[in-house]
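Please read these numbers as outputs of a predicted model, since none were measured by experiment. Atoms within each ligand, like the ligands themselves, are counted from 1 in listed order. Side chains included, hydrogens not; waters and symmetry mates left out as well; all remaining heavy atoms used.
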Amino acid sequence: MLQLNKGTVMVLKVTRRDVLKVGAAAGALTAASSLFVGRMSTIRAVGAPKPDLQLTPVEEWVPTTCWIGKQDCGMLARKIDGRVVKFEGHPANPKNQGTLCPKGQGQIAALYDPDRVKTPLIRTNAKGVEGQFRKASWDEALELVAERMNEVRKRDPRLLIWQKGRSKAKKFYDEAFVKASGAMKIGHGAYCSDAGYRALEYTVGTHAVLHPDFKHTKYLLSWGWNITSAGGNKTCWLTWNQQLDEAKKNGIKVVAIDPRARPAGPFADEWVPIKPGTDLALALALCNMMIQSGTIDEPYLKEFTNSAHLVKADGTFVRAGEGDEAKEQVWDKASIGPMDFGKYGNDPALTGEFEVYGEKVKPAFQVFKEHVAQYTPEWAAQKCGINVRQIYQIAEDLRKHANIGATHVVDGVEIPYRPVGIMTYHISQTELGFQQVRAQTMLMMLLGAMGAVGGTLSDWTWKIHKGYAGLDNISITEEPNVYLKNSKYYPINSGNPSIMAQVMVDPEAYGVDYTPEVCIIHMANPMTSFLSQKDIYNGYMKYKFVAVIDPWLSKTADLFADVVLPAATLEKYEGPTSATDQYVGAQTLRTPPMDPLFESRGDIQIYMDLCEKAGILTGEDGYLDQVNKALKMDDEHKLSIDSKPSGEREVFDHWAKSAGYDGVEFFETQSVDVTGPVSAKKRYGYAMDEPFGGAVHRLYGESLLGYQNQMKALDVEEIYWRDYTALPTWREMTMNESPAEYDMNLISFHMIEFKQSRTSMISVLKELAPKSRADINPATAKAKGFAEGDQVIVESHNAVTGETRQITVPLHFTEGLRPDTLAIPHHYGEIAKHPQTEGQGATPNTLFFTGKGYTLNTADQSFHVKVRLLKA
Ligand SMILES: Nc1nc2c(c(=O)[nH]1)N[C@H]1C(S)=C(S)[C@@H](COP(=O)(O)OP(=O)(O)OC[C@H]3O[C@@H](n4cnc5c(=O)[nH]c(N)nc54)[C@H](O)[C@@H]3O)O[C@H]1N2
Ligand SMILES: Nc1nc2c(c(=O)[nH]1)N[C@H]1C(S)=C(S)[C@@H](COP(=O)(O)OP(=O)(O)OC[C@H]3O[C@@H](n4cnc5c(=O)[nH]c(N)nc54)[C@H](O)[C@@H]3O)O[C@H]1N2
Ligand code: SF4
Ligand SMILES: [Mo]
């Protein structure tokens, strides 16, 4: 039976008898789908058809989604006699269009891994050392977790922490469980790209970092985008790569700004081997050069940004009116006087100096212009350790491609056309990352390229996040929570578990009067993924009870779990998930190709079971009620809040019906609902009914300066307030204060073979890259007397505390790396107790530091430190 519908693949069942028939009708099949032709011939080659139907193996292709990666690529699971034997890319999913990366293919080994956690486990030895566990029933394990969770919840809900890693099905976990249990959620973003998220939320209001509009962009600054091995803004791997490939055919020019050459590899037209952590210097110099050459989009700056707002000598805006009615003033060139910003018909000045209410004032743009004048290309070349000619070339290319003033009609809407884009994501996690991403965004703002056709986009669709208003109106508290939310240390705060760990060790030092006692860890492996390992270890030692939900005995579980609850891998329902590639809208759901293996359960099932035991499943504000709210279920289809659903399938059946499908079967058979092209009005901020959703883009960060003033008044050290400046401002990096013998910059990166710390135990992936290593330029290594493959001690130095840390790794030579930089990949460090991870070698997360100097002003983690090499 072969069914095709709207180009979407349905469940396909084939027996050998069918193959004979298909062989006879090969022409028809070819017309139907070339994908299946390949598969049929494989089946035919397996063996001659046998007439005995009893022995006929049944082949099925069942849809599911990749469970490893962050973009849940669509997959078809090939099943023979009910057993999954292979995964292929689902052709109808816009995100991967029939392809899979090595990890997508490799997850077959994860599914059947005999070393998964097979039953719930209960710890029998002390914490902080290799774990000893006994098997337990689900009932016993869940009862124990529920009891410990309830005890603290009732005493003081602040004592219950829910630690999440990279998100999936947020509505079930982050929203419903957190609300039903009252736990405090802490995530992983402070190690991912949260500094960039905060920068965009604050500057233009979107909740994401930066990416180009591949269909139209002609010039791309691939700014620390690991094209060949990682995801960039918002994706996992395949989506952007396919779009880049198309864009290359259409002549896009790509400039890779990265200490390593490999990331952009053959896709880059030029490699700018920047010194780690200096990207802010480059961005500021480029802003200066754009202004100097007059390459600015004046209408955009005047109408949609605060560039024209008049700034007083104390750094605040001139306002007229009282209280909430007070309006920012601009200098109206026509009436030669101040006027409310945005008032119809005004033509505000961007430059000059004026006198208003007896005070000398300047438009924010003028202040910015004067501020960046100090950042010359020659200065930046020296800071960034690059050839000044490359900076001039970038400036020239930006000028050439920006097309200021041009428009382009998309979907019948005329939209400014500025085909210059930036892709940037994880490199927001550098010492100056928040202000760096702000400066990168401001560079695009000067050109009018934010939200323009071919320009720089951010989220999949242009939406204003609550952070836009929220980050502008923070009330600093002197009694912060344990991760120092809204504190005088980190007013803008990404919720960093390493900071929390440091606070847990010494709460009084930060004015915190409690220490959390119970932690539920879901889909996170803090001991290997988070920085710095030593702080995480010390923090976790403070917990009285830790439950880990994980398919493997992660390093974190091994050291700290009192209870391990075995999660299924992809054999579960999970979602719903957007499958958009930014041009086509689509919705998908993970549907299980088979039942959970061993005694594992799907995560959503685990939460329902746990909530039932804790008495918070049913009733108003219980888990089911919260699920209804999170999924916006309509009245007719919402789950009963009086009784437990029969399973995850029933929950998703309700959701699917509420969302207008016939039921969950739609996703079990078709996998993805492709809803059609994303309209220009949704994609381009400019094209929205109210451009940019009404958000005034913040070139000038008045409230940032306001936080600095409050922080100073609260007597906090300069190291905390120094980067709270209205305009991104360069300062020398803390790490450069380490003694000169720490002469190399350590960086880290993702590898195509692995996904974070969730794949290093997968045999077929581990074979591709068996061991950790430190990449080094051969010239540097030879000058230090090292040969390729030598084991070396890498020693890091904390410029604030003087602490040093060491790991031992083999050297790997590559010409494609700055000579002053050492690069150690993520993914290693014996990330789970597992035969495959034994002897894989060290993680750089042992070497990095957290806290003063190494944590950004937004409580985000920097991934840079100074190191030296010693003979092992
Ligand atoms: N040195 C270095 N460190 C880094 C990075 C780097 O570039 N260099 N990158 C950082 C980045 S960008 C990120 S996003 C973080 C990610 O860090 P984490 O959020 O900790 O992500 P993972 O490492 O994938 O950890 C996921 C854990 O969840 C488990 N798991 C996997 N699938 C499931 C599931 O379906 N259910 C449950 N319950 N558990 C599951 C895995 O076995 C693993 O133990 O790491 C950061 N750490
Ligand atoms: N195969 C694979 N794909 C992944 C992941 C994975 O683990 N494996 N992880 C996913 C996740 S969670 C994320 S967050 C994304 C991350 O996607 P990316 O941000 O594209 O990837 P990273 O490897 O984190 O890339 C960081 C790049 O920054 C460079 N770099 C380091 N320091 C600096 C610096 O100071 N300046 C500049 N300009 N460059 C610097 C590194 O050399 C590296 O090439 O990838 C996603 N996709
Ligand atoms: S790109 Fe990511 S989501 Fe897609 S197959 Fe690879 S690991 Fe899975
Ligand atoms: Mo990430």
Inset, instruction - Heavy-atom contacts with Lys103 under 4.0 Å: which atoms of ligand 3 show up? List them by number with element. - result: 7 (S)
Legend entry - atom 2 (Fe) of ligand 3 [closest protein heavy-atom partner, distance rounded to 0.1 Å]: Cys236 SG, 2.4 Å
Legend entry - Side chain, backbone, both or neither: Thr235 near ligand 2, heavy atoms under 4.0 Å: backbone
Inset, instruction - To the nearest 0.5 angstrom, please state how far the CE atom of Met751 sits from the CZ atom of Arg773. - result: 4.5 Å
Inset, instruction - For Gly69, counting its heavy atoms only, list the atoms of ligand 3 lying under 4.0 Å from any of them. - result: 2 (Fe), 3 (S), 7 (S), 8 (Fe)
Inset, instruction - Note the single closest protein heavy atom to atom 46 (C) of ligand 2, along with its residue, its atom name and the distance in Å. - result: Gly231 N, 3.4 Å
Inset, instruction - Take every heavy atom of His827, measure it against each atom of ligand 2, and state whether any distance is under 4.0 Å. - result: yes
Inset, instruction - Using non-hydrogen atoms of the residue, decide whether Lys755 is closer than 4.0 angstrom to ligand 3. - result: no
Inset, instruction - With heavy atoms only and a cut-off of under 4.0 Å, state how Lys70 meets ligand 2: side chain, backbone, both or neither. - result: side chain
Legend entry - contact_flag Asn96 ligand 3 heavy-atom lt 4.0 Å: no
Inset, instruction - With heavy atoms of Leu100 as the reference, note each atom of ligand 3 found under 4.0 Å away. - result: 5 (S)
Inset, instruction - Using a strict 4.0 Å cut-off to heavy atoms of Gln71, name the atoms of ligand 3 that fall inside it. - result: 3 (S)
Legend entry - Side chain, backbone, both or neither: Met751 near ligand 2, heavy atoms under 4.0 Å: backbone
Inset, instruction - Just need the protein heavy atom nearest to atom 6 (Fe) of ligand 3, so name the residue and atom and give the distance. - result: Cys101 SG, 2.3 Å
Legend entry - atom 24 (O) of ligand 2 [closest protein heavy-atom partner, distance rounded to 0.1 Å]: His426 CD2, 2.8 Å
Inset, instruction - Starting from atom 4 (Fe) of ligand 3, find the nearest protein heavy-atom neighbour and note its residue, name and distance. - result: Cys73 SG, 2.3 Å
Inset, instruction - Verify the distance criterion only: is there a donor paired with an acceptor across the side chains of Thr780 and Asn777 at less than 3.5 Å? - result: no
Inset, instruction - Examine the proximity of ligand 2 to Cys192 and report which part, side chain or backbone, both or neither, has a heavy atom under 4.0 Å away. - result: side chain
Inset, instruction - Among all protein heavy atoms, pick out the one at the shortest distance from atom 36 (N) of ligand 2; state its residue, atom name and that distance to 0.1 Å. - result: Asp279 OD1, 2.8 Å
Legend entry - ligand 2 contacted by Arg262 (non-hydrogen, < 4.0 Å): no
Inset, instruction - Report the nearest protein non-hydrogen atom to atom 8 (Fe) of ligand 3: residue, atom name, distance rounded to 0.1 Å. - result: Cys66 SG, 2.3 Å
Legend entry - For atom 11 (C) of ligand 2, closest protein heavy-atom neighbour: Gln756 NE2, 3.6 Å
Inset, instruction - Would you mind running through ligand 2 and noting each atom that sits below 4.0 Å from a heavy atom of Gly232? - result: 17 (O), 18 (P), 20 (O)
Legend entry - Candidates Lys234, Gln243, Gln582 - the one meeting side chain to side chain donor-acceptor pair (under 3.5 Å) with His211: Gln582
Legend entry - Within reach of ligand 2, part of Lys103 (heavy-atom separation under 4.0 Å): side chain
Legend entry - Protein contact to atom 27 (C) of ligand 2 [nearest heavy atom, distance to 0.1 Å]: Gly224 O, 3.2 Å
Inset, instruction - May I ask you to establish whether Arg260 and Phe749 are in a cation-pi arrangement, using a distance under 6.0 Å from NZ or CZ to the six-membered ring centre and at most 45° from the ring axis? - result: yes
Inset, instruction - Measure Ser229 to ligand 2 on non-hydrogen atoms and call it side chain, backbone, both or neither using the 4.0 Å cut-off. - result: backbone
Legend entry - Location of contacts on Ile427 toward ligand 2, heavy atoms closer than 4.0 Å: side chain
Legend entry - Minimum-distance protein heavy atom relative to atom 21 (O) of ligand 2: Ala230 CB, 3.2 Å
Legend entry - atom 29 (C) of ligand 2: the protein heavy-atom neighbour that sits closest, reported with distance to 0.1 Å: Asp258 OD2, 3.2 Å
Legend entry - Within reach of ligand 2, part of Phe754 (heavy-atom separation under 4.0 Å): backbone
